[in-house]
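Shown next, in structure tokens, is the structure this report addresses.
Each ligand, and each atom within it, is numbered from 1 in the order the structure gives.
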Amino acid sequence: MFNLLEILNLKTYYYQGNAVIRAVDDITLAIRKGEVIGIAGESGCGKTTLALSILRILPRNARIVGGKILFRGTNLLSLTEEEMMRIRQRHISIIFQGPSPQSLNPLMFSGIQVAEAIEYHLGKDMSRAIRMAKELFEEVELGASYLITLPHELSAGMLQRVKIAMALSTRPELIIADEPLVGLNTTIQAVLMDLLMRLKRKYGVSLMYLSHNLARMAEIADRVAIMYAGKILEIGPTKDIFERPIHPYTKGLIGALPRIKKIREQRRRGLIWVPGNPPSPSNPPKGCRFHPRCPIAKEICKTQEPPRVRIGESIAYCHFAEEIKDTSPYDFWAPFLFK
Ligand code: SF4
């Protein structure tokens, strides 16, 4: 599988008065053709800014100050706005957070909005576009009768189906889904996730799935990147991230997850957690951004950025990755939590 999208040393900052918020700070990441990559992290860690940077739809007070975003080898940051528009229209779609009728035109029938997107982006005539919208509504398991419903008449789950249909309408190569299931009940989340994955396989698109929900990510992602305070701390195959996490933060997140297979052991020993809070993005700590919360932080962690350490197929950014790579999440965190 070749790299469809390569993000190299990307830096996106927000400017608020005198403050500079380093929302994305030197991120390198590749998305392969046809893969699902999960970007996991607490809210405010920079996931959404990363997504908006790829599409160059950042708010006015944000600027990409460094790096490259290569899509099929072309640097999106060097394209004109018109060329970038074509990328958004034909190659990369986004499904925004949660179901909100505001993300669609409230005065226009949902199906007509999808048909208009097809007409505009794919250059089909309106009658063909309506036929294609009907097919898409059937694909997302909304009957054709829903073509003529206004967004406020739809339930939260139905709205997300319309947004999935809209995202697929231009036959993109990459879909970025930013917390698409937030605000929906768990049954609908499972049904929509199933649907999204089925359509992803059918159309062969790559999916970049941004979420704070690690458990959901385990079910769908081929690889997972863990983000924290504008940085990626670890990236690797999903199985390795869940079975052999390397970075102390990843160990903390994984150890905090209730696991069916380990339920007895977890009941006996208790779950672990990561104490403390993420740093202020306008004033992140020097060196390793995780050092104020890391129980094994040394002097070097406070002054020097951690190196990129490759272990197997994973990459972790930690000065002591080699030393701690084989320690289980519980054995790593418990001595500090249960003293
Ligand atoms: Fe902890 Fe240091 Fe590794 Fe950061 S670099 S995670 S502070 S050990």
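Heavy-atom minimum distance, Ala115 versus Met126: CB-CE, 3.8 Å.
Applying the side-chain hydrogen bond (donor to acceptor under 3.5 Å, both in side chains) definition to pairs two or more places apart or across chains, those involving residues 59-77 are Arg72-Glu173.
Around atom CD of Glu313, no more than 12 heavy atoms belonging to other residues, nucleotides or ligands sit under 6.0 Å away.
Taken to the nearest 0.5 Å, the CD1 atom of Ile235 stands 11.5 Å off from the CD1 atom of Ile246.
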Pair up each side-chain donor or acceptor in residues 5-12 with any protein partner under 3.5 Å, not counting sequence neighbours, and list the distances.
unit_1: Asn9; atom_1: ND2; unit_2: Asp26; atom_2: OD1; d: 3.0
unit_1: Thr12; atom_1: OG1; unit_2: Ser53; atom_2: OG; d: 2.9

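Distances shorter than 2.8 Å separate atom 3 (Fe) of ligand 1 from the protein N/O/S atoms Cys318 SG.
Arg171 pairs by the side-chain hydrogen bond (donor to acceptor under 3.5 Å, both in side chains) definition with nothing, not counting sequence neighbours.
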